[in-house]
Every structure is written in structure tokens, then in C-alpha cells.
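Presented below is the structure to which this report refers.
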Amino acid sequence: MKRFTALLMALVMAVLAGQTLNARTGVKYTPAASEFTVETNADAQQVKLRLYKEGIGGKAVKTINMKRTQQGSALWHADVKGDLKGKFYTFDVKYNGKFRGESPGIWATAVGVNGKRGAIVDMNETNPQGWNTDKRPNIAAKDLILYEMHHRDFSIDESGGFTYKGKFLALTEPRAISHLKALGVNAVHILPSFDYASVDETRLGEPQYNWGYDPVNYNVPEGGYSTDPYKPEVRINEFKQMVQALHKAGIKVILDVVYNHTWNIDGSNFQRTCPDYFYRKNADGTYSNGSGCGNETASEREGMRQFMIESVKYWVDEYHIDGFRFDLMGVHDIETMNAIRAAVPQDIFIYGEGWSAGSCAYTGELAMKANINKMPGIAAFSDEMRDALRGPWDSNSKAAFLGGVKGNEESIKFGIVGAIKHPGVDYSKVNYSKAPYASEPTQMIAYVSCHDDMCLVDRLKASVKGITPDELIRLDLLAQTAVLTSQGVPFLLSGEEMLRDKKGVHNSYESPDSINHLDWDNLERYPQVMEYYKNLIALRKAHPAFHMGDADLVRSNLDFLPTENCLVAYHINGRGVPGEQWGDIYVALNANKRARTIDIPEGSYTVVCRNIKCNTNGLATVKGGKVTIPAQSALILHN
């Protein structure tokens, strides 16, 4: 009986500390009064609400002792009469006789400079003109072409000619919109744009750089990308202007989210509000570090799960976000990811890294790549295809397919079919996954480079010994041909279309602008690169055969030709693909330093891609039989 009573009490305490967060906590503003709510652990002794005139500095103009909503509740509440718009606030929670330190709480939706204090704003006043009629572009997952970018990289350099260098508003400028539309991408994946720690917003006149994977306030745009971080409404309004401009151009906005860890533990809003509730611990009481950043969050706990769900829904509702890329998605549990998928509209695209950065203190099923087939409507990056093309992740200098190294062909075929089950792939020879993990091809992200690790140009220079400028371009275009003809969802790093490099820096998360910036003059130096990229994207968009979006269609209509060393070729029966105008389509990827041939049926064929040129209307005609693929390039033809 004593054991049962103890278990029951433990259950009651767990429920009380459960952080249900069915309603978002924080502040609810009206001109007559503001309502403040904060949820703590059940053993919190006291909560002080402090009001400030400014977002930084100065003493509190008012301190209020918040009250529990009911006896034994973990929810604390305070109503403050009067119009508080423009004021700032903090919560300070007392445990074991000691206050943890001031914070905006876990649910701030507006903050002052550097995010130390929550801000009281009328969110309706942050909407740009026409915001109520803003609509997310109607683009199916199978039709997406993702473009990953960092605000500062994209627009900071003088060569870009941007007015709002390194700001949200740069993506509203004609130069940005016209470039993205000319390239043909239809979804911009922006690196973390929530309020993060590593850029001091009081010193924006000095060069500062970070990717932003160090979250502070998850539900507020980063002030460093605004024109005035001291005014809370500005960052919100400018972020919305950015989304609105991209939507008007028919481009979706994907937000990179980092729920798997926080900037730190003791100073985090989570820890100051609910000590140790939001973090996993090892059996010995130390904090688990599956993120590689010193801590990992406990998504399986109801409070963290609900926080993630409500946060994602908030970005969709308030900012009209079209999708989410989950950093280290493999740290989160499957149930949470499926709950997020179910909580947002089906046209919201969700994908992430199907791995963690270390061992996680969780014994259930995690959202790893191998479990993607248990998460319908969620995609994962294919490091199989990436590393088969460029070389293994753990060595910058080792080459693979692009460097003429044999044995990577099955891994590339794995990527071509979108990581689904396909009779033409020998999974025993695939580099990382010995079985298909995707139920549908739209659950695989096809890519060869991203912000993390070397960009493609640097990797080619580091791994292909003696590479010439001509070879560099040829292999760059060959790699992206594999990506953009994959049945998975293609993903490009910004600047690849202008032959971007980072001076060989492997991990440029805090490197200066001289390393990370895009050199827009490269568009004039290497016009053939941008021309090839945009024409290849146009070809993909025009022909459903390259984005069937259905595993059965892929299995029925795509078959591989005999594989050779550093040569992968396949055939698509266009007649079996709804909406496809071409008949038999052949794609060959030749990474050898000399030409190769493939055998195709007799007949007349139109060449649309050959020898680093691409044009969906046709480049030439050839006869069937033996067809030559030039060295280090791709061939695409159809009848």
C-alpha cells in the first residue's frame, strides 16, 4: 500500500509539473489591462513579475507578486490594469528559497534588445499593409526546390548592391526577388531567424557573425536582422514584410528551427522557469548531450512536446511560415514529430536532419533517418547521396563519385529513387542505409552541400587532386544534375549557382563576412554556371517525370541501365507519368575523366542536357544505339 501511495503521489506531481501549455503563456495585451501567465514546476515557491520602461538597463518601475491560479497549481497569474503597450517585463521564479534569475519566460513573442526582457506590443500593429490577404503559395511537396540561405551571407557584400545588407528586408528588394525567380527556386530555407544569443544586438555597427543555432527566445525574430533591435515591433514587422514579399513572388518560406538544445542551461529561459524539466539527464545525473552543444531537450515530456507544437503553430499562424527544417531532428522522439505533423496544415513541409550529434538519454524511438517510414509527411536529408557524390563527411580530402572513385554508384541510385524501396537498387552496397527508409520519395531531401561542412566548390578543390577550373565547373554541374533529377526533394545551398566558395573553411558558423559572403560578381565571371542551374531547374519543373512524388510511380516507370564504375544511367517511361509530355527519357551521369557510352533503343532522340549545357527545348538530336556521354558531365535525352 505504501508503494502504491508513493507511485500515486509521484504521478500527481508529474501531472502538476506536466507543463500542459494547452494555452500559450506569457502576456496577453489589451489597452485596458495586460494579463501575465507563467507556468513553473509544481514546487515553485514564488514568482515575481517586474515591469520596465526600457528593454535594457534601468530599474523596474513596478514589481508584482504573481498568484497561483489555484491551490497546488503550477500556473501563476497577474492582471495589471492600464495600457502597458511599449513596456517590458520579466519573470523571476523562486525555488528552494532562491530566485532563479529574471527572464522573459519560455513564451515571449516580443522582446527588447538581446532578448533579456519580454515586450508588450499590440501584434495587430506589427502587420504590414495587405498582411491579412497574404497567402502561402500552393506548391506540393513533390514540386518544391529548396534554397538554403543565411540573411547576412546573401546580402552583406557590396557586390550585391543591397540597401538592407544582412537584414530581413534584403529579401524584399528587387535584386533578391529577381534573382530567386530567375534561378527558379520556389522555397527559401532561411537559417535560424529566431532570437539567438551569439550576436550582440547592441553592437550591430561592428562585424559579428553566427549561423544562429543557439536559441534564446524561440518565438521572436532575431533583432540582429532588423533595422532597429531596440524597438520590438520593428523586427516583427520586417520579418513579416520579408515573408509577404517572397509569397508575392510565389516563393515559400521555410524556417530552420532548433528545438533540440538551448544556448546554455543555467541561463536559459527553460531552466530559470522550470529547472531541469525541459532537459534530459543521464543515469548519473549529468546532462545528456545528444546535440553536441552541452544539453539536449526532452521532447518526450508533455511540456516540451506541447511547447514545440504550439511554437510551430505560432509561426504558421502569426508569420505565415510554409515549412520547417528541424535541426538534429534525431534528438526528438517520433511521437512528438508526428504530433507536430498532425497539428499543422498538410501543405506545411517538414523535414530535418535524421541524426543526432551524440548519444541521447532516451530509450524510446527517435526521429532518426531510419525511422522516417514511421513519420508520414516528414522528410530527412540523404547523406547517402551527398557523400556518394562528394566524399565521406569525416574527411575533407577523400573524394567519391565526382572524384572518379568507384563503388558509390548504388548510393547515388538510392538518392535518385528518393530512398524508397526499388528493385534496381542493391541496398547492400549503399553507404549508410542498408534498407530504404522512405515510404514516398518526398520524404528524402537530395543535396550535395549545405551551410554545414564545406560548400561544394571547396570540397571539390580539397578532394579532387589537381582539379582544373574547367573540371571544377563540370563536376559542380554534374553534382547538381544528380540532385535536381532525383525523385527526392532537391536542396541547394545559396551561392552554389554563382560558384560560391568559403576559402576552404569547413565549419564557418562564426567566420567573418570575408569567408561567408556571396560574391555577386561571380554571376558575371561564371555565367555558364547560373545558366545551367536555372535551365536544369526549369527542366525539372516542366517535366513531372523528374518529380513523380509517388513511390509506385517511381518503381513502375524508372529503371536503371547497367552500372559501370563512376557511371550511373537510368530510363524513365514518361508515358506512365501523369502529365508528362516526353516518352522515353534517359539520364546518364558520367564522373569519369573520359567519355563513356550507354546503349539505348534505336530511334531519334532530342538532347536537352549535354557537355555542361542544358535547354529543355533541345540542344541537338541523336540516333539510338550507342550514345556518348562526355567526360565529367551529364546527358539527358528523350524521344
Side-chain contact, heavy-atom cut-off 4.5 Å: Leu536 with Thr481? yes
Please name the residue in the list Phe278, Trp107, Tyr196, Tyr259 that meets the ring pair (Phe, Tyr, Trp, His ring centres under 6.0 Å) test with Tyr218. Tyr259
Ignoring hydrogens and angles, state whether a donor on the side chain of Asn516 or Ser511 is under 3.5 Å from an acceptor on the partner side chain. no
Between Phe239 and Tyr319, does the ring centre distance come in under 6.0 Å? yes
Looking just at side-chain N and O atoms, do Asn260 and Glu296 make a donor-acceptor pair shorter than 3.5 Å? no
Examine the side chains of Ser155 and Lys165 and answer whether a donor and an acceptor come within less than 3.5 Å of each other. no
How about His189 and Phe491: are their ring centres within less than 6.0 Å of each other? yes
Quick one, Tyr213 and His451 - any side-chain contact, counting heavy atoms below 4.5 Å? yes
Checking Arg301 against Tyr277: charged group under 6.0 Å from the ring centre and within 45 degrees of the axis? yes
Looking at His151, Glu222, Arg235, which one forms a side chain to side chain donor-acceptor pair (under 3.5 Å) with Ser193? His151
Looking at residues at least two apart in the chain, or sitting in another chain, which of them share a ring pair (Phe, Tyr, Trp, His ring centres under 6.0 Å) with Tyr147? none
Pair Tyr225 and Phe194, ring centroids less than 6.0 Å apart: no
Would you give the length of the straight line joining atom CG of Asp458 to atom CG of Asn396, rounded to the nearest 0.5 angstrom? 9.5 Å
Set of salt bridge (charged side-chain N to carboxylate O under 4.0 Å, His left out) partners for Lys240, sequence neighbours left out: Glu318
Do Gln480 and Asp476 pair up side chain to side chain, a donor and an acceptor below 3.5 Å, judged on atom types alone? no
Ring centre gap for Trp131 and His320 strictly below 6.0 Å: yes
Any donor-acceptor pair under 3.5 Å linking the side-chain atoms of His517 with those of Asp153? no
Can you name the residues that form a salt bridge (charged side-chain N to carboxylate O under 4.0 Å, His left out) with Glu300, not counting sequence neighbours? Arg280
Using a 6.0 Å distance limit plus a 45 degree cone around the ring axis, check whether Lys281 lies over the aromatic ring of Tyr287. yes
Checking Ser382 against Glu384: is there a side-chain donor and acceptor pair closer than 3.5 Å? yes
Would you say the ring centers of Tyr209 and Tyr509 fall short of 6.0 Å from each other? no
State, without any angle test, whether Asn282 and Thr286 hold a side-chain donor-acceptor pair at a distance under 3.5 Å. yes
Examine Tyr351 together with Phe324 and report whether their ring centres are nearer than 6.0 Å. no
Could you tell me whether a side-chain N or O of Gln443 sits under 3.5 Å from a main-chain N or O of Ser439, the two making a donor and an acceptor? yes
Report yes or no: do Asn295 and His261 form a side-chain donor-acceptor pair below 3.5 Å? no
Backbone N or O of Pro345 within a donor-acceptor pair of the Arg341 side chain at under 3.5 Å? yes
Hey, is OH on Tyr164 packed in by over 12 heavy atoms from elsewhere, all under 6.0 Å? no
Does the side chain of Arg305 come under 3.5 Å of the side chain of Ser299 through a donor N or O and an acceptor N or O? no
pair Ile412-Phe401: side-chain heavy atoms closer than 4.5 Å: yes
